[in-house]
Each structure stands twice: as structure tokens, then as C-alpha cells.
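As the structure is a prediction and not an experimental result, all values here were calculated from the model. As the structure lists them, so they are numbered: ligands from 1, and atoms in each ligand from 1.
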Amino acid sequence: MEVSKPRVVVVGSCMIDLVSYAPRLPRAGETLTGRKFQQGFGGKGANQCVAAARLGAETALIARLGDDSFGHEYLKALNKEGVQTGYVSITKEMHTGMAQIVVAECGENQIVIVPGANRNLCVEDVQLAKETIEAAKVLLFQLETPVEATLAALKLAKGKGKRIVNAAPAVLKDTALFTESDIFCINETEAEELLKIPVKSIEDGYKAAEKFRDLGCSAIVITLGSQGAILSTQEDPTPYHIPVKKVQPVDTTGAGDAFLGAMAYYMAYHPQLSLKEIVHRACSVATISVQSPGTQSSFPYRNELPDALL
Ligand SMILES: Nc1ncnc2c1ncn2[C@@H]1O[C@H](COP(=O)(O)OP(=O)(O)OP(=O)(O)O)[C@@H](O)[C@H]1O
Ligand SMILES: *[C@@H]1O[C@H](CO)[C@@H](O)[C@H](O)[C@H]1NC(C)=O
């Protein structure tokens, strides 16, 4: 079968989210009875890939699943989303990455992540996908998979596609990620953790953006939830604030992933747009996603978007 070249390539994680809704969070040693249970497809890599695919991007994912029912189910789901899965491998004798989540009535949550097969994503996986990586217009990376594989792919793509590094979760295993990315992208809490300064207000965001540029990031995007995002680039270093529409959020989980998938889509399919306009549109897509429940289930499809966002 003839498959078209994916313009967006994601190197990252797949996780199964098992979400239990309980009256409150359990104490140590306590067994609580919950009210509701939901299983979802997650992992920042797969989430961002699906978000881009739903907007109409031709995408490929480079990832690892476990050799269990979850892994086989996830592979089917990715294919159904139109994601190219030739480089998503099932890892023998490993389990699929799992996120066990308890959500209390007050909205607080507790999460245990077991990376499982995600830990097996390696430099050889990246080398097998060399041609796909080198041909991509945009590449997306997060920090839920081994940094060695990420660095290998960043190197292959250097000077070819635009490389977006989403430093989530904020455990930076190699400072080369600052300088080896074309766009470094994080949320406010991750910025706080990496810089050890408060990032709450837009003013804080400006300062944080400047600090990331000092660390060698050629472009930095900091998302600020309902306050939108901050952008600063080498060509236009004065930090710039992009506001978002005021809405009543239903569920903000996955907002960051919706934002990153949308960024990748716009950069790959509308490269003539300014980065400011791209961030603006990606914010609008993420704002749509916070108005529906769930993670991947909240990502909009192309046919649900107004023409101005296509
Ligand atoms: N309450 C909100 N109202 C409007 N837009 C929002 C809201 N929360 C998030 N967004 C949109 O989503 C983008 C990313 O949000 P945020 O900074 O919260 O990402 P995140 O923290 O990585 O998401 P997550 O909740 O998945 O961890 C924002 O820049 C904004 O465009
Ligand atoms: C930022 O992202 C991290 C995951 O890296 C998440 O735990 C945190 O809740 C996010 N912050 C906000 C304000 O949403």
C-alpha cells in the first residue's frame, strides 16, 4: 500500500489511563469505594500525535507499547485515528505504560505512572525510522521516554524539520535539549521547576522566557492555562503575550497536548504563518479542548473547527 510521507513525526510515549473517581483521595492503607471508572488512551507522545492527526495532519508515531491487551488495543486506536504506526512496536515481555489516576470529588487527583514499554524506546528505534524523521516538516518530543532516543532523533532532524521539544514532565536529563530544539515548549509549573522562579503571572512569564533564551533556547513558548501563552524567539526576542478567550472549562487535562499537536499541524501545513499567529491558533484549539471532558476525547476534529482555524 502506498502511504504518504508524514509531515508531523512524534517520538514519544503511549500510556493507558485508568481513572477512578472517588469521594476523596484514599489515605495510606485505606480502601475506598469509587463511583465511576474510565479507561482512556494517553501518554503525551500519542496525545500530541492524535491531536495533530485530528486537525488533518499526516502523522507518524515512533513509540513502544507492551505485549498485552492494552498494547494491541492502543495500536488499533492509533490506526483508527489515521496515525502511521509502522514504527510503533509491541515489546515482548513488557507491559504497556500505565497511569493509574484517582480523582476526588473536590477535583484533586493522585497519579502513579509506570512507564513499562516506554522505557524500551531506544536509539535503534530512531535509526530504523531515519528516513521518516529526516523527511518530516515538524518533529515533536516530550520527556516521558528515554532521552538518548530523543537526542538521536533531534540530531537526525537538525537543519531539516522544525524540532519542538515539550519538556514535560520537567525532569531535564540533558541540557542539550535547550540548544538542540528549534522551539522549546513548557507550561508554567514546568518553567517554575526548571528555573526555580515563580511563574504565575504574565510578567513572570516574560522573565521566564528571557531566562530560557539565556539558557540557549532559540525559541520558547510558555503556556499559562487560562492566561494563554508567552512567546519569545531569536529573531523577535521581546517576549510577546498571546491571550485566550474566556471560557468555562469542563476538563483541562490534555490542554497542553492539544496545544502542541496544533502547533505541529500549523507549522507543517501553514509554514507561511508567523510563529505568533501559529501560537495564537494553537491556543484557540487548546481552548476548545478544555470545554470537553477527557484527554484525547476532548481534542477537536478538523470538521468541528471554524474556517479561521484550518
Ligand atoms: N481555563 C482555560 N481557559 C481557556 N484556555 C485554556 C484554559 N486552560 C488551558 N487553556 C488553553 O490550553 C493551553 C495549554 O494550557 P496549560 O498551560 O494549562 O497546559 P498544560 O498545563 O500543559 O495542560 P495539562 O492540563 O494537560 O497539563 C493554554 O495556552 C490555553 O490556550
Ligand atoms: C504542567 O504539566 C505537568 C506535566 O508535566 C502537569 O503535572 C502540571 O499539572 C501542568 N501544570 C498546569 C498548571 O496545568
Engineer: With sequence neighbours left out, write down each residue that passes ring-ring contact (aromatic ring centres under 6.0 Å, His included) with F212, or none if nothing qualifies.
Structural biologist: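 Only F184 meet the ring-ring contact (aromatic ring centres under 6.0 Å, His included) criterion with F212.
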Engineer: Enumerate the pairs of nitrogen or oxygen atoms, one from ligand 1 and one from the protein, separated by less than 3.5 angstrom; state names and distance to 0.1 Å.
Structural biologist:
unit_1: ligand 1; atom_1: 5 (N); unit_2: T287; atom_2: OG1; d: 3.0
unit_1: ligand 1; atom_1: 17 (O); unit_2: T223; atom_2: OG1; d: 2.8
unit_1: ligand 1; atom_1: 17 (O); unit_2: G225; atom_2: N; d: 2.9
unit_1: ligand 1; atom_1: 21 (O); unit_2: N187; atom_2: ND2; d: 2.9
unit_1: ligand 1; atom_1: 22 (O); unit_2: N187; atom_2: ND2; d: 3.3
unit_1: ligand 1; atom_1: 23 (O); unit_2: G256; atom_2: N; d: 3.1
unit_1: ligand 1; atom_1: 25 (O); unit_2: T252; atom_2: O; d: 3.1
unit_1: ligand 1; atom_1: 26 (O); unit_2: G254; atom_2: N; d: 2.7
unit_1: ligand 1; atom_1: 26 (O); unit_2: A255; atom_2: N; d: 3.2
unit_1: ligand 1; atom_1: 29 (O); unit_2: G228; atom_2: O; d: 3.1
unit_1: ligand 1; atom_1: 31 (O); unit_2: C283; atom_2: O; d: 3.2

Engineer: Every pair of nitrogen or oxygen atoms between ligand 2 and the protein that is under 3.5 angstrom apart - can you list them with their distances to 0.1 Å?
Structural biologist:
unit_1: ligand 2; atom_1: 2 (O); unit_2: N187; atom_2: ND2; d: 2.3
unit_1: ligand 2; atom_1: 2 (O); unit_2: E190; atom_2: OE2; d: 2.8
unit_1: ligand 2; atom_1: 5 (O); unit_2: E190; atom_2: OE2; d: 2.4
unit_1: ligand 2; atom_1: 11 (N); unit_2: N187; atom_2: ND2; d: 2.9
unit_1: ligand 2; atom_1: 11 (N); unit_2: T189; atom_2: OG1; d: 2.7

Engineer: Hey, are N118 and T145 close enough side-chain-wise for a donor-acceptor pair under 3.5 Å?
Structural biologist: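 Checked: T145/N118 side chains show no N/O donor-acceptor pair below 3.5 Å.
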Engineer: Does the distance from a Lys or Arg side-chain N to an Asp or Glu carboxylate O, for K44 and D257, drop under 4.0 Å?
Structural biologist: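 Looking at D257 together with K44, the answer is no, because their closest N to O distance does not fall below 4.0 Å.
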Engineer: Mind running salt bridge (charged side-chain N to carboxylate O under 4.0 Å, His left out) on E192 and K196 for me, showing each step along the way?
Structural biologist: CA-CA 5 Å; E192 287 185 343; K196 315 284 176 214; over 6 Å; no
Engineer: Under 3.5 Å, is there a donor-acceptor pair linking the side chains of Q291 and Q248?
Structural biologist: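 Per modelled atom types, Q291 and Q248 side chains form no pair under 3.5 Å.
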Engineer: Determine whether the side chains of S4 and E58 contain a donor N or O and an acceptor N or O closer than 3.5 Å.
Structural biologist: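 Result is yes, a qualifying pair exists.
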Engineer: List, by chain and number, the other hydrophobic cluster members for I113, where Ile, Leu, Val, Met, Phe, Trp and Tyr join if side-chain heavy atoms come within less than 4.5 Å, directly or indirectly.
Structural biologist: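 Reading the cluster by chain and number, I113 sits alongside M15, V19, Y21, I101, V103, I111.
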Engineer: Are R64 and Y87 linked by a side-chain donor-acceptor pair shorter than 3.5 Å?
Structural biologist: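 The answer is no; no qualifying pair exists.
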Engineer: Side chains of N47 and T295: is there a donor and an acceptor less than 3.5 Å apart?
Structural biologist: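 No, no side-chain donor-acceptor pair sits under 3.5 Å.
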